[in-house]
Amino acid sequence: MARILITSAIPYINGIKHLGNLVGSQLPADLFARFMRGRGHEVMFICATDEHGTPAELAAAKAGVPVEQFCADMHKVQADIAAGFRLSFDHFGRSSSQRNHRLTQHFAGRLAEAGLIAEVSEKQVFSVDDNRFLPDRYITGTCPNCGYESARGDQCENCTKQLDPTDLINPRSSISGSTNLEVRQTKHLYLKQRALKAKLEAWIDSKKDWPILTTSIAKKWLNDGDGLQDRGITRDLYWGIPVKKGDQPWPGMEGKVFYVWFDAPIEYIAGTAEWADAHGLDDAAWERWWRTDKGAADVTYYQFMGKDNVPFHTLSFPATILGSGEPWKLVDYLKSFNYLNYDGGQFSTSQGRGIFMDQALSILPSDYWRWWLLSHAPESSDSEFTWENFQASVNKDLADVLGNLVSRVTKFARSKFGDVIPAGGTPGAREAALIDALTTQLRSYEANMAAMEVRKSAADLRALWVAGNEYLQAAAPWTVVKSDPDQAAMMIRLAMNLIRVYAIISRPFIPDAAAAMMHAVGSADWTWPDDLAAAMQTLPAGTGFNVPENLFRKITDEERADWQQRFAGIRT
RNA sequence: GGCUAGGUAGCUCAGCUGGUUAGAGCACACGACUCAUAAUCGUGGGGUCGAGGGUUCGAGUCCCUCCCUCGCCA
């Protein structure tokens with residue numbers, strides 16, 4: 001039994017995520033976690049909300065509630081939706097937790113002791129009326145280059161020129177519109193990433209089995225232009241983790257907080273500590289997942305994220321870990337995803353375009369979405385959601401191939417043999433051939449799942465389902481029963497056992513349907529079918545079974561057209 | 001403009017270090033079956049593998065040029 005640590009990129013607290021966010025990190029991470037658990041491995045699967053920073057403060061202000069309250073409420077909302085999608089986190093933490101405060105401050109202290117923190121004095125725009133420093137992109141003004149009146153302080157959208165906020169003509173606060181702005185001197189901490197470049201590069205180079213998408217992004221940041229840059233890790237904000245050096249004050253940094261991208265990945269670790277706290281366990285319980293000197297040496301650590309998160313996970317976070325000089329676990333395998341597009345354009349949180357997680361659950365149960373999203377995961381390139389494709393895949397794969405298989409077996413069994421799995425008959429060459437074919441396909445499925453080849457795994461799983469229909473079609477128990485009821489009973493007994501096997505191996509993709517299948521055949525034995533021939537004899541004759549409701553219903557053309565129209569616009 | 005990835009059947013995609021008639025699912029046509037959610041199973045049609053050069057006995061697979069899409073960066 002192996003020990004598997006899995007983290008999903010943590011979603012930002014501000015609002016409900018769309019299906020593109022889901023399929024890029026949380027959902028494939030869940031698939032992998034469920035698979036590894038199913039195989040009997042010890043799994044720790046951690047996710048959290050990423051709560052700090054200006055957008056959360058502004059959203060809270062807009063909602064008219066204190067930011068602490070806003071984040072607590074939104075965390076609850078996101079946790080409920082995650083549960084709705086059956087995301088099986090061992091813990092869904094919060095980057096604003098006290099655990100993360102202490103750990104983030106601890107890392108900063110260690111980095112300072114290692115001489116990897118620089119204090120830099122710089123000029124920044126302060127909005128008097130808002131009573132806050134403004135991030136560059138929250139300053140609006142006229143572009144000195146092209147005259148565009150709504151240029152942002154970091155870049156003009158119109159002429160794409162890179163700007164400094166002080167370049168803007170008639171600058172104003174994007175928050176309040178106030179023009180009462182001042183340039184003030186402020187001091188910030190920088191993480192000396194340049195000093196860690198050689199270490200980071202050696203570490204990246206040691207990862208021979210990482211996808212090109214991952215290593216190329218990392219190497220570009222390492223070597224492009226002037227190479228890896230030192231990075232500011234503090235901000236003049238209210239909402240964040242107070243800057244401290246371990247548990248000691250940091251002179252000159254009073255009232256400042258750490259930058260959200262510094263504390264967010266640390267929450268992977270802190271979230272595991274939160275898990276221990278929530279279960280009344282001591283520190284050793286979570287440290288054995290993260291400290292190689294305290295039991296984590298045999299842990300394999302997998303991260304899942306969208307491609308936009310790769311630089312932070314290949315460089316910034318490892319710089320924090322390596323720079324600390326302490327034996328924290330570094331990621332072993334990093335699975336990154338491209339983007340999912342929506343009907344010809346991008347999903348967009350800021351523009352409200354696409355389908356959001358709560359909307360998805362309001363029209364169909366999670367299994368439908370899980371299946372489509374995972375079987376079309378944007379692995380090798382961006383992929384596209386269309387309602388036509390969604391309807392076709394769900395109806396064919398789930399309703400026709402799998403759902404109908406369960407129906408035809410259980411209904412036939414009920415009408416011909418009664419309430420229990422029937423006895424009699426002897427398996428022959430056809431049954432042996434089926435088990436051989438299933439075994440081969442199952443080994444392929446396991447290999448693809450272990451390699452996080454999501455689409456290929458889905459294709460293998462579907463092929464396993466199809467093999468069941470092929471067998472039934474060829475064996476034709478509905479014909480055999482007329483002349484040799486015992487042989488028909490044997491076929492049905494085998495099919496019932498096959499449904500149980502399907503429940504186990506399908507569970508990572510469609511957990512609810514898997515539970516329904518297991519219930520239908522009157523079992524609760526989720527042991528992975530390492531030996532398929534043996535697994536196919538798990539349910540003995542005499543076992544009671546149920547005829548379930550249809551596992552999946554079909555999406556009608558009318559529904560598709562309705563949803564297509566309903567979700568065509570912009571969410572407000 | 002620089003960089004990554006991609007451009008393969010109507011659609012969504014596989015095709016590892018170059019090697020017999022380029023594959024799968026869906027869709028389509030025909031057939032079988034009738035236990036089942038008008039489900040299932042079988043067979044078949046359909047592609048000059050973005051364009052043009054080149055290397056090679058042989059290229060979707062390597063090299064060069066160009067076109068297009070997406071993203072990142074500037």
Side-chain angles (χ1 to χ4, degrees), chain A residues 20 24 154-156 159-163 211-227 229 306-312 336-341 344-347 371-373 375-417 441 444 448 451 453-463 465-482 488 491-492 495 499 513 547-556:
Chain A
D154 53 348
Q155 181 178 30
C156 174
C159 68
T160 74
K161 185 176 171 58
Q162 296 288 300
L163 299 173
I212 295 169
L213 178 67
T214 301
T215 50
S216 66
I217 291 173
K219 295 208 171 187
K220 177 174 163 35
W221 282 56
L222 274 172
N223 299 314
D224 211 43
D226 298 329
Q229 296 299 299
K307 60 185 172 184
D308 52 329
N309 273 338
V310 170
F312 299 101
S336 61
F337 289 83
N338 287 284
Y339 293 140
L340 180 67
N341 291 321
Q346 287 183 29
F347 274 90
W371 174 253
W372 190 89
L373 290 168
S375 62
H376 294 78
E379 290 180 297
S380 59
S381 63
D382 290 357
S383 66
E384 167 128 345
F385 177 92
T386 65
W387 285 101
E388 289 82 359
N389 191 307
F390 178 65
Q391 177 193 23
S393 295
V394 164
N395 289 355
K396 190 70 186 174
D397 300 345
L398 296 182
D400 293 348
V401 174
L402 178 61
N404 181 57
L405 176 79
V406 174
S407 291
R408 68 195 297 201
V409 169
T410 53
K411 287 183 181 175
F412 179 79
R414 174 58 45 89
S415 71
K416 301 297 180 190
F417 299 105
Q441 191 73 51
S444 170
N448 278 322
E453 291 282 356
V454 178
R455 277 180 182 241
K456 289 179 180 173
S457 299
D460 280 337
L461 181 57
R462 187 187 189 283
W465 298 339
V466 167
N469 279 316
E470 285 173 0
Y471 168 78
L472 282 179
Q473 205 63 30
W478 49 88
T479 302
V480 173
V481 73
K482 296 169 187 166
M491 293 168 185
I492 286 305
I499 289 173
V547 178
E549 293 294 309
N550 284 346
L551 250 44
F552 299 98
R553 69 179 186 81
K554 295 203 190 195
I555 297 169
T556 65

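Reminder, nothing fancy here: chain letters follow the sequence lines and each chain counts from 1. If you're wondering where the values come from, they're calculated on a predicted model, not measured in any experiment.
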Euclidean distance, atom CG of residue L340(A) to atom C1' of C70(B) [Å, nearest integer]:
13 Å
From CH2 of W478(A) across to P of C35(B) the rounded distance in Å is 9 Å
Judged by each residue's nearest nucleotide on RNA chain B, which is more toward the 5′ side, K411(A) or A476(A)?
A476(A)
In whole Å, what separates the P atom of A27(B) from that of U12(B)?
15 Å
To the nearest angstrom, the OH-P distance between Y471(A) and A36(B) comes to 18 Å
Side-chain donor-acceptor contact under 3.5 Å, N389(A) with W372(A):
yes
Within the 4.0 Å heavy-atom criterion, would you say K416(A) contacts the bases, only the backbone, or no part of the nucleic acid?
nothing
D397(A) CG to A24(B) P: how many Å, rounded?
17 Å
Rounded to whole Å, how long is the line connecting atom CZ of F385(A) with atom P of C26(B)?
19 Å
Secondary-structure string, 5' to 3', Watson-Crick or G-U under 3.5 Å, | for another-strand partners, for RNA chain B:
(((.(((..((((.....[...)))).(((((.......))))).....(((((..]....)))))))).))).
Atom P, compared across C62(B) and U8(B): separation rounded to whole Å
16 Å
K554(A) side-chain proximity, nearest of U37(B), C13(B), C26(B):
U37(B)
d(CG, L405(A); P, C35(B)) in whole Å
16 Å
Is the phosphate of U12(B) approached by R455(A) (side-chain N or O, under 4.0 Å from OP1 or OP2)?
no
Any side-chain donor near an acceptor of the partner, S407(A) and N550(A), under 3.5 Å:
yes
Using the test side chain to side chain donor-acceptor pair (under 3.5 Å), find all partners of N448(A) that sit at least two apart in sequence or belong to another chain.
D460(A)
Ignoring hydrogens and angles, are the base of A39(B) and the side chain of N404(A) linked by a donor-acceptor pair under 3.5 Å?
no
If we take the C1' atom in both A74(B) and A59(B), what is their distance in whole Å?
37 Å
In whole angstrom, give me the gap between the P atoms of C41(B) and U20(B).
31 Å
Go through A32(B), A27(B), U37(B) for me and flag the one nearest to the D400(A) side chain.
U37(B)
With rounding to whole Å, what would you report as the distance between U65(B) and C13(B) at their P atoms?
28 Å
Between S415(A) and V401(A), which is nearer to the 5' end of RNA chain B once each is assigned its nearest nucleotide?
S415(A)
Is the aromatic ring of F412(A) within stacking range of C35(B), meaning centres under 5.5 angstrom and planes under 30 degrees?
no
Looking only at G15(B), U37(B), C41(B), the nucleotide nearest the N550(A) side chain is U37(B)
Sticking with atom P, work out how far G53(B) lies from C49(B), rounded to a whole angstrom.
13 Å
Rounded to the Å, how far apart are M491(A) CE and C35(B) P?
15 Å
What distance, rounded to whole Å, do you find between the two P atoms, one in U17(B) and one in G60(B)?
15 Å
Which whole-number value in Å describes the distance from Q391(A) CD to G25(B) P?
20 Å
